[in-house]
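Everything below concerns the one structure shown next.
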Amino acid sequence: MENAALGILIMAAGKGTRMKSELPKVLLPILDRPMLGYLLSTVKKYVHPEDESADSPSARVAALVGYGGERVSGYLRAFPSVEIIWQKEQLGTGHAVQTARPWWENFQNVLVLNGDLPLLSVESLRTFVREHMEAGAACSLLTFETNSPDGYGRILRAAYGKKVFVVEHRDATPEQRRVREVNAGCYLFDVKGLSRVIDELRNDNAQGEYYLPDVVSLMNDAGMVVRATAVDGREMLGVNTQAELAAMAMRVRDSLIHDWMSRGVRVMDPSAVWIGPGVVLEPEVTLMPGVQIWGNSLVGSGSVIGPYCILKNARLGRRVELVANVIVEDSELADDSKAGPFTCIRDHSELGEHAFAGKFVELKKSRVGRRSKVPHLSYMGDAMIGEDVNIGAGSVTCNYDGKDKYSTKIGNRVFVGSDTMMVAPVTLHDDSATGAGSTITVDVPEGALAVARARQKNLEGWASKKRQQEKQGG
Ligand code: UD1
Ligand code: MG
């Protein structure tokens with residue numbers, strides 16, 4: 001491992017001042033994944049291709065952290081093979097690479113990537129590295145053309161006696177700013193060449209920073225081969241403002257949805273549906289307008305997700321129907337189950353096959369067995385409900401005494417009358433029933449009917465007596 005040919009260095013130490021956010025820029029979410037996560041997943045696919053025949057380099061990966069470095073390294077714990085290098089003071093991208101020198105000196109080549117390149121594809125990365133090696137260049141960098149080049153470093157070719165030269169936006173003359181070819185922030189260096197010039201960087205520029213792109217100039221001056229290759233700009237867009245972040249999220253969203261549609265998912269209004277990058281949808285799923293699906297949710301074939309449903313880490317089987325406005329979080333809905341409208345299913349709840357949770361129903365850490373129904377206006381918390389149970393409208397498991405939570409067990413074929421309060425811990429055994437309006441505080445034996453409410457008293461003639469009293473009084 002020590003002698004890997006390629007070091008991949010991701011620069012993630014900057015603040016991203018223009019985002020005007022306390023969160024380090026690389027952690028800002030695109031959909032529900034931090035920006036850095038996209039690049040890391042691309043790098044991971046490059047280093048460990050799923051397709052065995054693809055050429056994979058023997059590479060090590062490191063990330064530079066600095067601003068908000070505790071949070072960034074916290075996020076990087078999910079990527080244990082990524083080494084962390086601290087850049088305590090962030091004096092620019094050139095300084096970042098200087099700081100990492102003891103690390104990259106171990107390799108023959110070092111690939112340096114801006115942390116804000118979420119759309120870079122594995123194919124582009126592979127081609128870029130291959131072409132650099134074939135050309136035997138000392139430095140390669142990717143560029144692209146854009147009609148809004150503001151903020152980017154401009155690529156000047158055959159100017160100032162150099163083959164390629166990068167001038168940062170803030171240092172550029174009005175004429176240079178008209179150049180539409182820009183630096184993408186993706187560089188590959190021959191380590192020997194880089195070592196020779198990296199300490200020559202100066203910070204006498206508009207931002208008082210050490211600019212990595214100045215290395216290109218220094219290498220030119222030293223007579224080394226420098227290549228700037230233009231590629232499709234759609235992959236190279238960086239994110240520097242909140243507006244760009246929102247535009248990027250839409251772009252990623254569009255491409256994810258188009259990808260799912262190409263695999264047979266039906267989306268009524270693709271512009272009104274949001275899906276995160278970790279979601280899996282099977283063919284024949286239908287998504288109605290306003291649906292959001294996040295986390296590692298899975299939706300099985302034939303399921304219909306109605307308008308304004310929000311799923312987060314939800315596992316839905318086949319032919320599940322969510323009518324409308326259903327929220328499912330960290331929960332599982334089995335084949336042919338149904339929920340909604342206006343249902344909240346959360347905290348490791350389960351809906352069994354053909355089970356139903358209906359209007360204004362909340363399930364928290366509860367299991368509803370096969371063919372059981374909770375059709376209206378109920379709260380089931382910490383409840384284990386068996387098969388073929390009917391929970392009457394307005395029923396509640398009273399699971400909390402202000403301090404601790406307790407569970408309710410409901411057996412098979414139980415009929416819970418409307419407006420039953422089940423004060424946990426309590427068990428309703430198989431085939432039992434409760435009378436409407438009962439407050440159940442002790443276990444109900446198998447097959448028994450529990451009626452726990454005050455007996456009704458009818459006061460005959462009450463209305464006329466009252467009227468008489470009122471007359472006398474007035
Ligand atoms: C940089 C390039 C610019 C290019 C653009 C592409 C420089 C000087 N300019 O500009 O030519 O067109 O990217 O998007 O490099 N970072 C550190 N340590 C630092 C400073 C930055 O790790 O001290 C990291 C940031 O976290 C970020 C990356 O480097 O991931 C690029 O920094 P950023 O501030 O976005 O550079 P730009 O000004 O966009
Ligand atoms: Mg940038």
Side-chain angles (χ1 to χ4, degrees), residues 8-21 23-28 30 34-40 43 62-69 71-73 75-76 84-100 103-104 112-120 139 141-146 148-156 164-172 176-177 179-187 189 198 201-218 228 230-231 233 235-241 244-245 248:
I8 302 177
L9 182 63
I10 299 170
M11 296 190 290
K15 178 169 195 258
T17 313
R18 283 165 286 173
M19 302 306 296
K20 302 203 168 68
S21 163
L23 205 60
K25 179 164 83 174
V26 293
L27 292 190
L28 285 169
I30 294 173
M35 194 187 298
L36 185 57
Y38 291 84
L39 182 60
L40 286 168
V43 166
L64 275 152
V65 305
Y67 177 81
R71 286 167 98 158
V72 179
S73 28
Y75 175 63
L76 286 169
I84 290 174
I85 302 169
W86 277 85
Q87 184 196 11
K88 292 240 161 60
E89 266 186 300
Q90 296 84 51
L91 307 179
T93 48
H95 176 255
V97 172
Q98 284 173 341
T99 307
W103 184 79
W104 53 255
V112 181
L113 297 166
N114 277 8
D116 59 348
L117 273 176
L119 302 183
L120 179 66
C139 166
L141 64 149
L142 285 179
T143 74
F144 65 96
E145 296 233 352
T146 168
S148 33
D150 276 18
Y152 288 103
R154 306 299 201 283
I155 302 292
L156 308 177
V164 195
F165 179 64
V166 185
V167 61
E168 288 307 303
H169 179 82
R170 284 171 60 184
D171 300 290
Q176 290 169 338
R177 285 187 184 179
V179 171
R180 286 165 45 243
E181 185 181 9
V182 299
N183 172 24
C186 175
Y187 320 77
F189 299 104
I198 189 76
L201 289 173
R202 296 287 167 266
N203 65 349
D204 49 353
N205 51 49
Q207 303 187 70
E209 285 184 3
Y210 296 91
Y211 293 160
L212 182 60
D214 284 354
V215 162
V216 175
S217 223
L218 293 167
V231 290
E235 276 188 35
M236 296 300 154
L237 287 180
V239 175
N240 292 302
T241 62
E244 284 173 9
L245 184 70
M248 176 76 76

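Hydrogens, waters and symmetry mates play no part in the numbers below; they use all other heavy atoms, side chains included. All residue numbers in this chain count up from 1 along the given sequence. Both ligands and their constituent atoms are indexed starting at 1 by order of listing.
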Query raised in the report: Counting from 1, what ligand 1 atoms have a heavy atom of Gly92 closer than 4.0 Å?
Result: 19 (C), 20 (C), 23 (O)
Requested in this report: For Lys25 and Asn240, work out which heavy atoms get closest and say how close.
Outcome: NZ-OD1, 2.9 Å
Query raised in the report: Taking distance alone, with no angle check, do Ala13 and ligand 1 share an N/O pair under 3.5 Å?
Result: yes
Query raised in the report: Which atoms of ligand 1 are found less than 4.0 Å from any heavy atom of Pro213?
Result: 7 (C), 8 (C), 9 (N), 11 (O), 15 (O)
Requested in this report: Could you tell me whether the side chain of Leu23 reaches within less than 4.5 Å of the side chain of Arg71, counting heavy atoms only?
Outcome: yes
Report task. Within a distance under 4.0 Å of any heavy atom of Ala184, pick out the atoms of ligand 1 and give their elements. Result -> 6 (C)
Query raised in the report: Near Asp116, which atoms of ligand 1 are under 4.0 Å from a heavy atom of that residue?
Result: 30 (O), 35 (O)
Query raised in the report: Should you measure from each heavy atom of Lys25, which atoms of ligand 1 turn up under 4.0 Å away?
Result: 35 (O)
Requested in this report: Kindly write out the residues that satisfy ring pair (Phe, Tyr, Trp, His ring centres under 6.0 Å) with Tyr75, not counting sequence neighbours, or none if the list is empty.
Outcome: Phe79
Query raised in the report: Any nitrogen or oxygen of Gly185, main chain or side chain, under 3.5 Å from a nitrogen or oxygen of ligand 1?
Result: no
**Report entry** Atom indices of ligand 1, in the order listed, that fall short of 4.0 Å to a heavy atom of Arg18
**Finding:** 37 (P), 38 (O), 39 (O)
Query - Leu117, Leu27, Ile30 screened by side chain to side chain contact (heavy atoms under 4.5 Å, CB included) with Met35, the one that passes - result: Ile30
Query raised in the report: What atoms of ligand 1 come within less than 4.0 Å of a heavy atom belonging to Leu91?
Result: 23 (O)
Query - Contact with ligand 1 for Gly115, non-hydrogen, under 4.0 angstrom - result: yes
Query raised in the report: Looking only at N/O atoms, are Gly151 and ligand 1 under 3.5 Å apart anywhere?
Result: no
Query raised in the report: With respect to Leu212, which candidate in Val166, Val112, Leu141, Asn114 satisfies the side chain to side chain contact (heavy atoms under 4.5 Å, CB included) definition?
Result: Val112
**Report entry** Sub-4.0 Å heavy-atom approach of Gly66 to ligand 1
**Finding:** no
Query raised in the report: Is the backbone of Thr93 close enough, under 3.5 Å, to the side chain of Glu209 for a donor and an acceptor to pair up by distance?
Result: no
Report task. Number the atoms of ligand 1 from 1 as they appear, then name those within less than 4.0 Å of a heavy atom of Gly153, with their elements. Result -> 3 (C), 4 (C), 11 (O), 12 (O)
Query - Sequence-distant partners of Trp86, ring pair (Phe, Tyr, Trp, His ring centres under 6.0 Å), two or more places apart - result: none
Query raised in the report: Taking the minimum heavy-atom distance to atom 7 (C) of ligand 1, which of Val97, Asn240, Thr93 ranks first?
Result: Thr93
Report task. Give a yes or no answer on whether the side chain of Lys20 reaches the backbone of Thr241 with a donor-acceptor pair at less than 3.5 Å. Result -> no
Requested in this report: With atom 12 (O) of ligand 1 as the reference point, say which of Leu113, Asn183, Val26 has the nearest heavy atom.
Outcome: Asn183
Report task. Could you point out which residue of Val26, Leu36, Leu76 forms a side chain to side chain contact (heavy atoms under 4.5 Å, CB included) with Ile10? Result -> Leu36
**Report entry** Modelled atom types, side-chain donor and acceptor of Thr99 and Gln87, under 3.5 Å
**Finding:** no
Query - Proximal candidate to atom 18 (N) of ligand 1 [heavy atom criterion; set Met35, Arg170, Gln87] - result: Gln87
Query raised in the report: Taking Arg154 for the side chain and Tyr152 for the main chain, is one N or O donor matched with an acceptor at less than 3.5 Å?
Result: yes
Query raised in the report: Taking non-hydrogen atoms only, is Glu168 closer than 4.0 angstrom to ligand 1 via side chain, backbone, both or neither?
Result: side chain
